[in-house]
Amino acid sequence: MRTIAVVANPNKPRALDVQSALARRLESSGLNVYSEKIAINRGWPESVRSHLAQAELVCVLGGDGTLLGVARELVGRNVPLLGINMGRLGFLTEAEPADLDDIVHRLVHRDYDLENRLMLEANVSRDGKEFERMVALNEVGVAKAAFGHMVTVDTYVDGVFLDSYSGDGVIISTPTGSTGYSLSCGGPIVCPHLSVILITPICPHTLSTRPCVVDDTQHIHLVAHAAHEDLVMTVDGQVSVRLQPGDAVDIRRSPADAVLVKWRDREFFSVLRTKLHGGEGNR
């Protein structure tokens, strides 16, 4: 029997009500349902990961942040994720709670496509010894933590020096994350199916500093320098690690991708116009 998992972020208004309504509709359509409330960024029991990994796909009720958190928790499990927007922008989510009947119809008839999205793996080391490893679907940032400070990040690509970015920090982004923090810092919008990695400085103090796009097979090495110890590495804007001056962050493509459920009639550039411009310029 086909099993669909439905997970909900209880901190999102109405998420639990929508979870119950969706589960009832799926069960009425002959599907088995596994439901779970999830805590973002608190770590999940292995039993929850195992149950979700056995499902045909996982419906994620929350905003973009919820979907990012679920993708990190299930990295390597190869289970497709369908985002149902209970937040505001919902750029990564594919459906709205008002469309439950349509969602159920598409899932029952498998009327959807699956997209692999590259993820990043970040290894943090101090004095040559690794002490933290994380994955990201959107981006990894190395930055100052306080408003009044500055950080310099020496950046290398495949062992070749690229630049020293002095300012608020550097974002290393996936194509999926190109419409997130990187975009607000002047980075380019990248089609999500491309196999590239973005390097975007945050508020650089040199006007000639520009973002850079490299191949997803390349290795990025960052070393943070500052006259203070108010440094941090953040992953998807949700989890962070405190850094000390001289700490190194090595970033490369993760061996595991995220898998997203995408509607066949929902095209990337149409979503881009709708989400970023309120639908202006539709043809």
Side-chain angles (χ1 to χ4, degrees), residues 9 12 40-41 60-72 75 80-96 112-122 134-143 165 168-204 209-216 220 233-239 251 253-254 257-283:
N9 182 347
K12 293 293 182 180
I40 300 301
N41 304 328
V60 181
L61 292 164
D64 286 346
T66 305
L67 188 62
L68 292 171
V70 173
R72 291 196 309 274
V75 64
L81 307 178
L82 171 64
I84 301 175
N85 184 33
M86 303 298 302
R88 290 173 294 178
L89 183 61
F91 199 94
L92 297 179
T93 55
E94 195 69 6
E96 298 291 331
Y112 55 81
D113 291 323
L114 300 180
E115 282 188 7
N116 279 45
R117 299 290 184 89
L118 74 86
M119 300 184 75
L120 300 175
E121 181 179 274
M134 293 183 174
V135 293
L137 175 54
N138 258 11
E139 76 276 315
V140 177
V142 173
Y165 297 113
D168 286 2
V170 175
I171 302 165
I172 310 301
S173 171
T174 67
T176 300
S178 72
T179 53
Y181 190 14
S182 175
L183 179 63
S184 70
C185 294
I189 295 173
V190 177
C191 291
H193 65 273
L194 295 181
S195 296
V196 296
I197 299 174
L198 290 69
I199 303 173
T200 307
I202 308 171
C203 299
T209 300
R210 292 291 182 266
C212 180
V213 179
V214 302
D215 192 75
D216 71 320
I220 299 168
M233 183 192 81
T234 60
V235 168
D236 290 338
Q238 294 181 327
V239 292
I251 302 170
R253 179 171 184 163
S254 169
D257 291 343
V259 183
L260 301 186
V261 175
K262 309 301 290 184
W263 295 158
R264 290 169 180 161
D265 55 359
R266 194 169 185 262
E267 188 268 333
F268 173 71
F269 292 109
S270 297
V271 175
L272 193 68
R273 289 194 302 272
T274 300
K275 298 296 184 179
L276 299 185
H277 303 291
E280 294 177 5
N282 285 336
R283 299 272 188 240

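The first residue in the sequence is number 1, and the count goes up from there. Remember, predicted model here, so these are calculated numbers, not experimental data. Values reported hereafter were calculated over all heavy atoms of this structure, with side chains retained and with hydrogens, waters and symmetry mates removed.
Of the N and O atoms on the side chains of Ser182 and Ser173, not one donor lies less than 3.5 Å from an acceptor on the other residue.
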Side chain to side chain contact (heavy atoms under 4.5 Å, CB included) evaluation trace for Met86 with Asn9: CA-CA 9 Å; Met86 303 298 302; Asn9 182 347; over 6 Å; no
Residue pair Asp64, Thr93: steps toward the side chain to side chain contact (heavy atoms under 4.5 Å, CB included) verdict: CA-CA 6 Å; Asp64 286 346; Thr93 55; 4.0 Å; yes
Side chain to side chain contact (heavy atoms under 4.5 Å, CB included) between Leu118 and Asp257, worked out: CA-CA 5 Å; Leu118 74 86; Asp257 291 343; 4.2 Å; yes
Residues Val140, Met233; criterion side chain to side chain contact (heavy atoms under 4.5 Å, CB included); working and verdict: CA-CA 7 Å; Val140 177; Met233 183 192 81; 3.8 Å; yes
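How far CD1 of Ile171 is from OG of Ser184: 6.0 Å, rounded to the nearest 0.5 Å. Interatomic distance, Tyr112 OH to Glu94 CD, rounded to the nearest 0.5 Å: 12.5 Å. Taking CZ from Arg117 and NE2 from His193, the interatomic distance works out to 10.0 Å, rounded to the nearest 0.5 Å. Distance check, rounded to the nearest 0.5 Å: CG of Leu81 to CG of Leu137 gives 9.0 Å. Rounded to the nearest 0.5 angstrom, Tyr165 OH and Thr200 OG1 are separated by 8.5 Å. Separation of atoms CZ (Phe91) and CG (Leu67) is listed at 13.0 Å; rounding is to 0.5 Å.
When all heavy atoms of Ile197 and Asp215 are compared, the pair lying nearest together is CD1-O, 4.2 Å. The nearest pair of heavy atoms linking Val135 to Arg72 is O-CD, 3.0 Å. Closest heavy-atom contact between Ser195 and Arg253: OG-NH1, 3.8 Å. Closest heavy-atom contact between Leu183 and Ser178: CB-O, 3.2 Å. Residue Pro188 comes nearest to Leu198 through the heavy atom pair O-CD2, 3.6 Å, listed as atom of the first residue, atom of the second, then distance. Of all heavy-atom pairs between Asn85 and Glu96, the closest is ND2-OE2, 3.5 Å.
Among Val190, Ile189, Val213, the single residue meeting the side chain to side chain contact (heavy atoms under 4.5 Å, CB included) criterion with Pro175 is Val190.
Between Asp216 and Val196 there is no side-chain heavy-atom pair separated by less than 4.5 Å.
A salt bridge does not link Asp113 with Lys262: none of the charged nitrogens is closer than 4.0 Å to a carboxylate oxygen.
At least one donor-acceptor pair under 3.5 Å links the side chain of Thr174 to the backbone N or O of Asn138.
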